[in-house]
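Numbered from 1 within each chain, the chains take letters A, B, ... in sequence-line order. These numbers come from the heavy atoms of this one structure, side chains and all, not from hydrogens, waters or symmetry mates. Because the structure is predicted, anything quoted here is derived from the model rather than measured.
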Amino acid sequence: MQLSPLEEIRRASLSKLRTLGINPYPAEAFKTTATIAGICKSFEDFEGKEVVLAGRMMSRRIMGKASFAELKDASGRMQIYLNRDELCSDEEAVLYNTVFKKLLDIGDIIGIQGTVFKTQVGEYSVNVKTLTVLAKSLKPLPVVKTDAEGKSHDAFSDPEQRYRQRYVDLIVNDQVKDTFIKRTKITNAIREFFNERGYLEVETPILQPIPGGAAARPFTTHHNALNMPLYLRIANELYLKRLIVGGFEAVYEFAKDFRNEGMDRTHNPEFTVMELYVAYKDYHWMMEMTESLLEKVALDTNGSTEVPIGEHRVSFKAPYPRVPILEAIKTHTGYDVAGMDEPGLRDVCRSLKIEVDETMGVGKLIDELFGEACEHHYIQPTFITDYPKEMSPLTKEHRDNPALTERFELMVNGKELANAYSELNDPIDQRARFEAQLKLSEKGDDEAMFIDQDFLRALEYGMPPTSGIGIGIDRLVMFMTNNASIQEVLFFPQMKPERKAPAVSEEAKGILELLKTAEKWVLNELKAQSGLSNKKWDKALKELTRNNLAKVSKTDEVLEVILV
RNA sequence: GACCUGGUAGCUCAGUUGGUAGAGCACCUCCCUUUUAAGGAGGUGGUCCUGGGUUCGAGCCCCAGCCAGGUCACCA
């Protein structure tokens, strides 16, 4: 492995620590007595008292016999003060002069014991009496400095590196950590809300023999023992409904779903959806539930129902307007497409310059119209309701209009945040809808739903009238934390693999073959034998020595090459 | 998938007509006992994303590729 000079220095320090009898990776637990945030929050209670803290050293300011450093624990950052004569009693002051000043580095994890005080400039600090090395860091950490105005300098900002090495991102960019803390606050708020109402959190299969419940291309895998294909779920809807058939009256699941489609800043191949099903309810009830849920989520995570999202301020205060989709299309395009047939819709799309193709049925065409012409208008939370039957194969027919369904999508900031129905529980109707989907797929729609016979069998036993909802958790987190990219709210967003170290080149392989023919070679003879140009020779030999395949040594004024 | 932009030191970035690879921070040596983007003096550090090509000479020009971000398309 090729080490940078900075890494060499840190490894040398590591050995020196061991020579001094200090284990750089001790096994014992290190018992702390306080947290940094706790001290800063009630400084008066801690001032003059002794504390034990542990964390990562983030910066250092050495001034001869005294030094300041910044310690970071899970709760925050705080300055520590190290004074040679207070830290050490021995003549040499090894702990201060050697260990702290020479052998420790930014990024090392240390434990300290000392007293809390305030510096002359007024900064909360700990005067360190004992210092313990807890883990030596061998890779240099990017140093992000913040000035008096709170402006960051030399921020670790390259998105590729931030996502690939999220651990570094989390260490040096505090606001990144805050986003993920908020993410957990959001899911906690939702769980609290549901658990208070007695809803049951459940787990259903991720590996499914039939990928149902949504329209999307699945990831495929194979079970060896059963010798059968399996799919990573694109939704868990059909399994949760089976549980409603089984007699649970309210179940929910935070589900990782997987869709084998394009990636962009709002789509990751694996993402999280919270699905909830409640028996004896309809989609009107579900809208009210959703409003109060999101109001609580906003309050719990941001302390306010009003949240900044990009250029906008979005209010999650209930209630939200209800707008039937056909009305939305009428408002934003001027066309009344209610009851319109496929050719008619296609004409409307054409006149609005919306691209359509032959595989699109009535449902997809209306979906397209709404998506292109209307969706982006709904910044404040709005329920778009009553979608046409063709685009909602799992939804109950509308009580007043057989062409529509009892479905809503919640739009926020021009994007879909949730999708909910009065669930279709008529098994005969459901079978017919699946068959219509089958026709679509024969027409070339590769996203039409598969028929799940076991799900139909379950419905035939009778499912109570039920309302269900799916909420995109990643999107919700993006809204609540004002992030425009899904990658910012996933710890480890999907990335293409990093380029692997280049394989040994042809030239280097040739030299290796020559090296194998003798115990050692005089460098110039080997070079002549290889028949390589100066440039290629140099490059190939450097490659070999760098990868520790060959070694060059000097004896009696001759350079020799040996195989390692 | 198409187009645009980018890839240079550990980090953030300069790099002129193609002519010995630079800065700040970090790091190393030295000075400095309440500093704080600490300061002062000196120094080390490079696969210029990869592979070809043009050229006396390429970080720079040309071709191909890899990775990322953005826009669009596809897609919830």
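Comparing the C1' positions of B:C27 and B:A73 gives an interatomic distance of 48 Å, to the nearest angstrom. Comparing the C1' positions of B:G45 and B:C3 gives an interatomic distance of 39 Å, to the nearest angstrom.
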> Which letters describe nucleotides 1-6 of chain B, given B = protein heavy atom under 4.0 Å from base, S = only from sugar-phosphate, - = neither?
Replying inline: ------
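If you check distances only, the side chain of A:Glu149 never reaches the base of B:A37 with a donor-acceptor pair under 3.5 Å. A:His153 contributes no side-chain N or O that forms a donor-acceptor pair with the base of B:C25 under 3.5 Å. No hydrogens or angles were tested; on distance alone, a donor-acceptor pair under 3.5 Å links the side chain of A:Asp154 to the base of B:G24. Side chain A:Thr119 to base B:U35: a donor-acceptor pair is found below 3.5 Å.
Between A:Glu270 and A:Lys256, at least one side-chain N (NZ, or NE/NH1/NH2) sits under 4.0 Å from a carboxylate O, which counts as a salt bridge. With respect to the salt-bridge test (charged N to carboxylate O, under 4.0 angstrom), the residues A:Glu488 and A:Arg162 qualify. Between A:Lys364 and A:Asp367, no side-chain nitrogen of the basic residue sits less than 4.0 Å from a carboxylate oxygen of the acidic one, so the salt-bridge criterion is not met.
For A:Lys65, a side-chain nitrogen or oxygen approaches OP1 or OP2 of B:U33 to under 4.0 Å.
Atom CG in A:Leu3 sits about 12 Å away from atom P in B:G10, given to the nearest Å.
Contact annotation for A:Arg259: backbone-only contact, meaning every heavy-atom pair under 4.0 Å involves sugar-phosphate atoms and none involves a base. Among the heavy atoms of the strands, none lies under 4.0 Å from A:Glu70.
Taking a pair to require two hydrogen-bonding distances under 3.5 Å in either a Watson-Crick or a G-U wobble arrangement, B:G57 remains unpaired. The nucleotide B:G42 finds its pairing partner in B:C28, both defining distances of the Watson-Crick or G-U wobble pair being shorter than 3.5 Å.
Ring geometry, A:Tyr96 versus A:Phe100: the interplanar angle falls under 30°, so the pair is classed parallel (tilted spans 30 to 60°).
A:Tyr387 carries A:Arg407 over the face of its six-membered ring, with the cationic atom under 6.0 Å from the centre and within 45° of the normal.
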